[in-house]
Asker: 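Quick one: this structure, given as structure tokens, is what I'll be asking you about.
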Amino acid sequence: MAPKEIINNIFYTGLNHRERRLFDELIPLPMGTTYNSYLIKASEKTVLVDTMYPPKSDEFIERLEKAGLEKLDYIVCNHGEQDHTGAIPKVLKRYPEAKILTNEKCKNLLIDMLHIAEDKFQIVADGEEISLGDKTLKFIYAPWVHWPDTMFTYVKEDKIIFTCDFLGSHSPFENLFAPETPELLKAAKRYYAEIMMPFRNFCKKYVQLLKGMDIDMIATSHGPIYKNPSFILDAYETWTADEVKNEVVIPYVSMYESTKEMVDYMAEKLSDKGIEVKPFDVVEEDLGELAMELVEACTVVFGSSMVLAGPHPAAVTTAYLAGALRPKVKFVSFIGSYGWGGVLVEKLEQALSGIRAEKLEPVIIKGKPKEVDFAKLDVLIESIYEKHKGLGLVK
Ligand code: FEO
């Protein structure tokens, strides 16, 4: 895609990366991603907002040249992570006169990660404005979405705000503006679940901040530009709210069907009680889908077979990831089956320490479930039902 004008001499200079399948060597990217960058050609100064993922640096420089960029005054760094800053050394080589506008925290990160000389930086304060002639940049510190250095940059005259990772989505695009489709919403929810959910309270705060501003467009650093800010802000308002849905998520791993039998039993009985159940095979399925399920669920029940006297490693990894994502679930429990013995619950609980939820009595059984085991599951099912009822989620 050639550099395209978004509005009044503000151009999109980012790139799609459709082939990328993993982010941070961890997060699945079913569609790939984009690294967004924006060029502002104001009457007196020219500014680049965020740059590029290092392997695409050369393509990025070509792109800037194609956009007719001969002289660059500033590079705004809204966030130090290298998918947006890795190309800075090459950009500075091509445009040596440019200064980096950022905050102190981001500056220190960039010095450590990219060895950029200290005299290349100009620190901007929270709320500070810089005139570019016919346009004015305003910087808004917004730490912890998702690093301590994050900030937003607002162009006052055009009412466009650059929010870097916040509100983004891993969705490549050809047309600049976000289609208001369920597919995009799903991509944005996946992105929220995987990257922003641990910082839910900060997200909540910044959604309100943005809702209170005069904004016509939100331009993030991944995914298309939102021409209708409320499309994404309203969705974030729901995802970050304290309220939960009448849902039980059951991530499980089952070696010889015994744990699976317990999962199926719980799923059927909970459904009969009017509760939505999402069983999730953690070996077979995409963990990004699980992260999405955790965004609004009320309860999570981990299911695991016992292997080598402990929970299956796939269950431990999943519990660790779920704990790190810190979903707003209210209740948590564990089910599983062992052959000859071991410790299951304590190890999963340890892995899950990031979740602050009430623990409901686990059900750990020997071998294939028997009558007495189903009776124990009935107690757990009833307990979940009562808890959901107590929150007014089910009649
Ligand atoms: Fe898209 Fe935190 O980097």
Side-chain angles (χ1 to χ4, degrees), residues 182 185-186 188-190 192-194 196-205 207-208 232-252 259-260 262-282 285 287-304 315 318-319 321-336 345 348-349 352-363 374-395:
L185 209 53
K186 186 176 174 190
K189 187 174 188 178
R190 174 187 275 264
Y192 167 78
E194 292 168 336
M196 296 293 164
M197 188 157 64
F199 310 98
R200 181 171 70 92
N201 287 326
F202 288 98
C203 293
K204 207 189 232 190
K205 177 175 149 189
V207 164
Q208 291 316 314
I232 190 67
L233 292 176
D234 289 352
Y236 260 66
E237 210 165 33
T238 306
W239 301 333
T240 59
D242 294 336
E243 290 76 28
V244 287
K245 281 190 176 169
N246 183 28
E247 288 173 4
V248 176
V249 180
I250 314 181
Y252 71 92
T259 302
K260 173 81 165 46
M262 297 170 82
V263 171
D264 291 345
Y265 184 79
M266 283 196 73
E268 188 184 335
K269 297 286 174 186
L270 286 166
S271 290
D272 289 347
K273 285 179 173 295
I275 296 172
E276 192 168 347
V277 188
K278 308 273 178 72
F280 192 93
D281 182 333
V282 302
E285 295 181 59
L287 290 178
E289 295 280 339
L290 174 63
M292 274 190 280
E293 296 299 352
L294 292 174
V295 168
E296 295 175 275
C298 179
T299 301
V300 60
V301 178
F302 286 87
S304 178
T318 306
L321 285 172
L325 293 177
R326 284 184 267 157
K328 59 187 177 185
V329 296
K330 307 286 186 203
F331 308 103
V332 64
S333 192
F334 307 90
I335 58 173
V345 173
L348 287 178
E349 263 186 307
L352 199 61
S353 59
I355 291 186
R356 279 193 227 121
E358 184 184 336
K359 182 179 155 189
L360 305 179
E361 191 57 35
V363 180
F374 287 119
K376 284 181 194 160
L377 286 175
D378 285 336
V379 174
L380 175 57
I381 290 161
E382 192 59 27
S383 160
I384 292 171
Y385 171 72
E386 286 300 327
K387 292 293 182 187
H388 282 222
K389 196 172 156 189
L391 290 177
L393 299 174
V394 67
K395 285 181 196 151

Asker: Under 3.5 Å, is there a donor-acceptor pair between the side chain of Glu285 and the main chain of Asp281?
Answerer: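 Yes, because the side chain of Glu285 sits within donor-acceptor range (under 3.5 Å) of the backbone of Asp281.
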
Asker: Are Tyr192 and Arg200 packed together at the side-chain level, in the sense that at least one heavy-atom pair is separated by less than 4.5 angstrom?
Answerer: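 Yes, their side chains come closer than 4.5 Å.
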
Asker: Quick one: does any side-chain atom of Lys278 pair with a main-chain N or O of Glu293 as donor and acceptor, under 3.5 Å?
Answerer: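 Here the side-chain-to-backbone pair does not exist.
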
Asker: When you compare the side chain of Glu247 with that of Thr299, does any pair of heavy atoms fall below 4.5 Å?
Answerer: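 No, every pair of side-chain atoms sits at 4.5 Å or beyond.
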
Asker: Examine distances only and state if a side-chain atom of Lys359 and a backbone atom of Glu349 form a donor-acceptor pair shorter than 3.5 Å.
Answerer: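 The answer is no, because no donor-acceptor pair under 3.5 Å joins these two groups.
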
Asker: Just wondering, do Leu393 and Lys389 contact through their side chains at under 4.5 Å, heavy atoms?
Answerer: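 In short, these two side chains do not touch, never coming nearer than 4.5 Å.
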
Asker: Under 3.5 Å, side chain of Thr240 to main-chain N/O of Tyr236, donor-acceptor pair present?
Answerer: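 Checked: pair present.
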
Asker: Got Val332 and Glu358 here, is their nearest side-chain heavy-atom distance under 4.5 Å?
Answerer: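 No, too far: nothing below the 4.5 Å cut-off.
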
Asker: Is the shortest side-chain N to carboxylate O distance from Lys204 to Asp242 below 4.0 Å?
Answerer: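 Counted as a salt bridge, because a side-chain N and a carboxylate O are separated by less than 4.0 Å.
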
Asker: Just one of Val277, Leu290, Val301 clears the side chain to side chain contact (heavy atoms under 4.5 Å, CB included) bar with Val249, so which one?
Answerer: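 Single side chain to side chain contact (heavy atoms under 4.5 Å, CB included) partner of Val249 among Val277, Leu290, Val301: Leu290.
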
Asker: Check this for me, if you would: do Lys376 and Glu361 make a salt bridge, where the nitrogen-to-carboxylate-oxygen distance has to be below 4.0 angstrom?
Answerer: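 Answer for the salt bridge query: no.
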
Asker: Going by heavy atoms in the side chains, are Glu289 and Lys186 under 4.5 Å from each other?
Answerer: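 Of all side-chain heavy-atom pairs linking Lys186 with Glu289, at least one is under 4.5 Å.
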
Asker: Specify the closest pair of heavy atoms between Gly303 and Ala315, including all atoms of both residues, with the distance to one decimal.
Answerer: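 Looking at all heavy atoms of both residues, the shortest contact is O-CB, 4.5 Å.
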
Asker: Does the distance from a Lys or Arg side-chain N to an Asp or Glu carboxylate O, for Lys189 and Glu296, drop under 4.0 Å?
Answerer: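 Counted as a salt bridge, because a side-chain N and a carboxylate O are separated by less than 4.0 Å.
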
Asker: Between Tyr252 and Phe280 (judged by ring centroids, cut-off 6.0 Å), do the two rings come close enough to count as a pair?
Answerer: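 No.
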
Asker: Do any N or O atoms from the side chain of Thr238 and from the backbone of Asp234 form a donor-acceptor pair under 3.5 angstrom?
Answerer: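 Yes.
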
Asker: Would you say that Ser333 contacts Leu380 through its side chain, given a criterion of any heavy-atom pair below 4.5 Å between the two side chains?
Answerer: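 They are in contact (side-chain heavy atoms under 4.5 Å apart), so the answer is yes.
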
Asker: So which atom in Tyr385 and which in Ile275 form the shortest heavy-atom distance, rounded to 0.1 Å?
Answerer: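 Shortest heavy-atom contact: CA-CD1, 4.0 Å.
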
Asker: Any side-chain heavy atom of Val244 sitting closer than 4.5 Å to one from Val329?
Answerer: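 No, too far: nothing below the 4.5 Å cut-off.
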
Asker: Does any part of the side chain of Cys298, heavy atoms only, come nearer than 4.5 Å to the side chain of Phe331, both counted from C-beta?
Answerer: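 Touching, per the 4.5 Å side-chain cut-off.
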
